[in-house]
Each structure stands twice: as structure tokens, then as C-alpha cells.
There are 2 protein chains.
Amino acid sequence: MVHDPIVEDGIASGARRERRDAAAHRQRILAVARDLFAHAGVAAVTMHQIARAAGIGQGTLYRRYANKGDLCRDLMHEHHERFIIELRAYVAEAYSAPALTKLTEVIERMLHFVNDSMALLETVVTTAILDMDCNEGSALTDGPPMRHEWFQAQQNLLEGLLREAVADGEIAPLDVAYTADLLLSAMNPLSLHYQQAERGYSLERIAAGLRHIFITGVHGPGATNPATAQQG
Amino acid sequence: MVHDPIVEDGIASGARRERRDAAAHRQRILAVARDLFAHAGVAAVTMHQIARAAGIGQGTLYRRYANKGDLCRDLMHEHHERFIIELRAYVAEAYSAPALTKLTEVIERMLHFVNDSMALLETVVTTAILDMDCNEGSALTDGPPMRHEWFQAQQNLLEGLLREAVADGEIAPLDVAYTADLLLSAMNPLSLHYQQAERGYSLERIAAGLRHIFITGVHGPGATNPATAQQG
DNA sequence: ATTATAAACGGACAGTTGTCCACTTGTCAA
DNA sequence: TTGACAAGTGGACAACTGTCCGTTTATAAT
């Protein structure tokens, strides 16, 4: 959605409402894209194919979606929204559990979420990367949040849990924001794909590895822990 | 280097030697590319431009370099090689220091290395990503090490230090291979760029964050550490 | 020298992405 | 109803990537 002025099939908010035929096109585009993707794989389908299959011009397609990643994002919109809501619900209902327990579960779920929608998410992330080095210099100047709301939501969730863990003394004080970023980059679709496809790690192994570093800690119970005391 | 059959301007190893004019072209290509990159930024320069500026055909350029990332890799070859050698030298000469101390230093240096050659490395990584989703299904079938030797060298270094740290009881036993991967993905040029440009983290902050997670551990000295003991 | 041959060459070409713009059409207000 | 106008439309276009293939040329063997 290159810039949706209307609120999800709702009423116009001052601006003109989305034209009915346009709304129909949007649905057709999504349906057609879903089909093509399922058939040939996300990476193999081109924007031109999608436009032609949907019976519209390329310009029309691009008017709605700036690129394939944008389209994929819309395709996953509901799915992702549901995921985040469930995640928040879990955290809320498990409020009495230790923060680290909740964090473990959240990481596990995020991992599976990414894994389940790998192909679409990879496309989303890839196009985001490609955009990045075009905007190069102007990154800081032209707008606050380039990071998409999706990741922001996940970031917030992780930050909240980390903060809670620190406040409750479950872990030592740390840079909550950066650590959340670190977690997200570890669960990045591209990293995950690479680790599974090229390095042969199972999802369980990855989950265990993350758990060990971010939850258990490198100094597990029983380690001698001479760290930071440097002896020449 | 799409597949260099000869040994770095040395003698032919059974196969024919690289033709002299070809060798000259290679130098010219590298020089021209370096210039153009310095002038306009790596991302903005096209392969066509490079070919034209070097006075050769596009086919000739592509014969030597499969893509821009490949070219960038060659451009950084010596630099990177020197870096790895220095790193190995450091580790060797500090052999009596605790493994975690060495790991800290190595991480710090890798971070700076990536940071110093960001633009080129980003291109290398980006093209690697793009290749990835073309080869899709055949990832596991067609060859053992898609990961480039560069990363393999870094991976080995990190694995060695982690193994040493475990053996010496500095940290609890862990999945050494995956943890090294995790570290590398945290120091990935793209992640690093994003974290600096979009999130505004300084390199020092990133280094500190990594140190805290991977060296100090989430349970720093003084943390109560009730972890893993879940109290529903 | 001559010749065979594989390497190297370079430009045309096909496939993609994303932009542009002249044209059409739905929507709202009068 | 009508008319104005913004939203929507679609296809041509430009730019880039990477491949293909007929031609040239350096090298080594004769």
C-alpha cells in the first residue's frame, strides 16, 4: 500500500473515499498474486505477470504497491496482525509469569511465525534492503520511522519484556533497545533462511541457541565465570 | 572473480595461464571501479558504466565478475586478507589470555572492519542474498560451501575462541557453531548499517551491547538469576 | 613461421523493475 | 442532471542486470 488515505474499507477521513472499482482491483490483485505465488514461488513471479494476470496495467499495479515487497506485506497484513494480537494476549494473560519465561515463549513464537511465512517475509525484507541503499544519505533527514510498523510492534514487545526482566532482577541491567534489535536481527527471515538452508540448522536448534544466549545466558548455572577479570 | 583458474599472477597450474591482456583488463577494471565508487558511491554505479569507463564490453566485464558484489569482493580481497591475518596473529600472540578477552577484542575488530568498508561489503552481501532466492530449491544439492571463504574464516575464528572459552570453563557449554553464526549475523553489514543509520546506535553502543550479551552474559555479576526456575 | 585452440572480447538482446503521462471514469457538489 | 476534478488506468519507456554468441587474439605446440 503505497499510501492508503482511507481507513481499511472504512469511511473516508476527510479525503475522498477509495473508488469502488479500485477496491475491487485491490482484491483481485491480492487473489491473483496469492495464486501465482503459490504456483511458482514468490521469487519467480514478476510484477508484470501479476498485472497481466489481474488484467490491469503495470502502472495501476505500481500505483497501489510500490514494489513486490509492498504487495507481500499487504498479503500478510491480516495474518501478521492476528499474530501480534495473539502475542500481546499471551503476554497479558501470563502477566504473573517471570519475564524471562514470557520472553522465551515470545521468541519461540516469533521464530515460528517467520519460519511459516518465510518466502513472503524474505521478499518484504529484501525490498526494504534495496530501498535502503537508494535513500542512502537522506536516511536520517526525511522522516522518523522508516522501520515498518510490523517490526516496531515486535521491537516494542521485546523491549517491554526485557525491561521487565531487568526490573524484576531476573537479568542484569542492559541496553534494552539494542538487545531487542539484536534479537530481531537474529530472527530476520534472511538470516533464518540462510541458517537453515545453507548451514543446516533445524528450527529447534536455532531456538535453543537463542534461548541459551538471551535467556539462560552464556554463564549458565555451574560455569566458573572468571569473565571480565583479565589476567594478562 | 567468477572462477580464477590461475594463482594470483603466478604460474599456471596445469591450465593455461591468464592472458596478459586479460590481466591488464582486470587491473583497469579494478582501478576504474574504485574511482567510480569513490566518486558516486558504490550503489549508484552500474556495471555498464564500469565497463564503458574501462573501455571494454559488458560481456567482458561479466566474464570476470558475475555481478557487482563479486567485483566488490575482489576490490576488497587484499584488505580483507590482511585483516584476517592480523586477526589470527592477534589471537596467536595473545594465546595466554582468557578466551573471552580474545573474543572481545576479535568482535571489536570485526565490527570496525565491517564499519570501515560498509559500502562495499553491503554490496557483497546484498548480491549474495539476491542469488540465494534464485537458487532456491537447489541450495543443499549442488555444492557444499556456498558461504564465501571470507565468512568461513571469520566463522572459524569465532568458533575456535568459543570452544576455547568453553573448554577453559569461562562460559557454560553451548552450541558453538550456531553461536558463531549468531555473532556474524549480528555484525552483518546490512544489520549494522540499519542499526546505525535508522536506529541511531553508535558503534560503541553496538559493541557494548554485543559484549554484554556474548561476553558478560545476561546474568552479569550481581544479578539475582532465578532463570529457568519457572514459577508459574 | 604457422597453425590450432581456448581464452577473451564486445555488443546485441531479453527479462525486470519502476516511472511517466496522456487518457478515462467514478464521485461529489451544485 | 451536469460538470469539475481527483483518483484511477494502462501501456510506452528508460535503466539495469545478466546472457548469448559470433568474432578476435594471445599462447603454445609443431
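Here is the naming used below: chain letters follow the sequence lines, and residue numbers restart at 1 for every chain.
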Next on the checklist: Any side-chain to backbone donor/acceptor pair from B:Asn115 onto B:Leu111? Under 3.5 Å, distance only.
Outcome noted: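 Answer holds: no.
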Next on the checklist: Given 3.5 Å as the limit, does a donor-acceptor pair link the side chain of A:His77 with the main chain of A:Arg73, or not?
Outcome noted: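 Here the side-chain-to-backbone pair does not exist.
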Checklist entry - Reading nucleotides 12-21 of chain D 5' to 3', which nucleotides get B (base under 4.0 Å from a protein heavy atom), which S (sugar-phosphate only), which -? => result ----SBBBB-
Item to check | Phosphate OP1/OP2 of D:dT9 contacted by A:His25 side-chain N/O (<4.0 Å) | outcome: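 Affirmative; the distance criterion is met.
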Checklist entry - Under 4.0 Å: is that the gap between some side-chain N or O of A:Arg63 and OP1 or OP2 of D:dG10? => result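 Looking at the OP1 and OP2 atoms of D:dG10, neither is under 4.0 Å from any side-chain N or O of A:Arg63.
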In whole angstrom, what separates [X]'s [atom1] from [N]'s [atom2]?
X	N	atom1	atom2	result
A:Leu71	C:dG18	CG	C1'	14 Å
A:Tyr65	D:dT9	OH	C1'	16 Å
B:Leu130	C:dG15	CG	C1'	15 Å
B:Ile29	C:dC9	CD1	C1'	11 Å

Checklist entry - Using 4.0 Å as the upper bound for N to carboxylate O, is an ion pair formed by A:Arg82 and A:Glu86? => result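 Salt bridge: no.
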Checklist entry - Cationic tip of B:Arg199 within the cone over B:Tyr194's six-membered ring, i.e. under 6.0 Å and within 45° of the normal? => result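 No.
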Checklist entry - Quick one: bend of the helix from C:dA1-D:dT30 to C:dA30-D:dT1 from 5 pairs per end, to 10°? => result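 About 10°, once rounded to a multiple of 10°.
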Item to check | No-hydrogen, no-angle side-chain donor-acceptor test under 3.5 Å, B:Tyr201 and A:Asp175 | outcome: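 Their side chains do not contain a donor-acceptor pair, so the 3.5 Å distance test is not met.
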Checklist entry - Under 6.0 Å between ring centres, would you say that holds for A:His212 and B:Tyr178? => result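 Centroid distance A:His212-B:Tyr178: not below 6.0 Å, so no.
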Checklist entry - Which residues satisfy the salt bridge (charged side-chain N to carboxylate O under 4.0 Å, His left out) test with A:Arg28, sequence neighbours excluded? => result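 Here no residue qualifies.
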Item to check | Touch class at under 4.0 angstrom, heavy-atom based, for A:Ile56 against every strand present | outcome: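 Result for A:Ile56 = sugar-phosphate.
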Item to check | Distance in Å, B:Glu108 CD paired with B:Thr104 OG1, rounded so as to fall on 0.5 Å steps | outcome: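 Output value for this atom pair is 8.5 Å.
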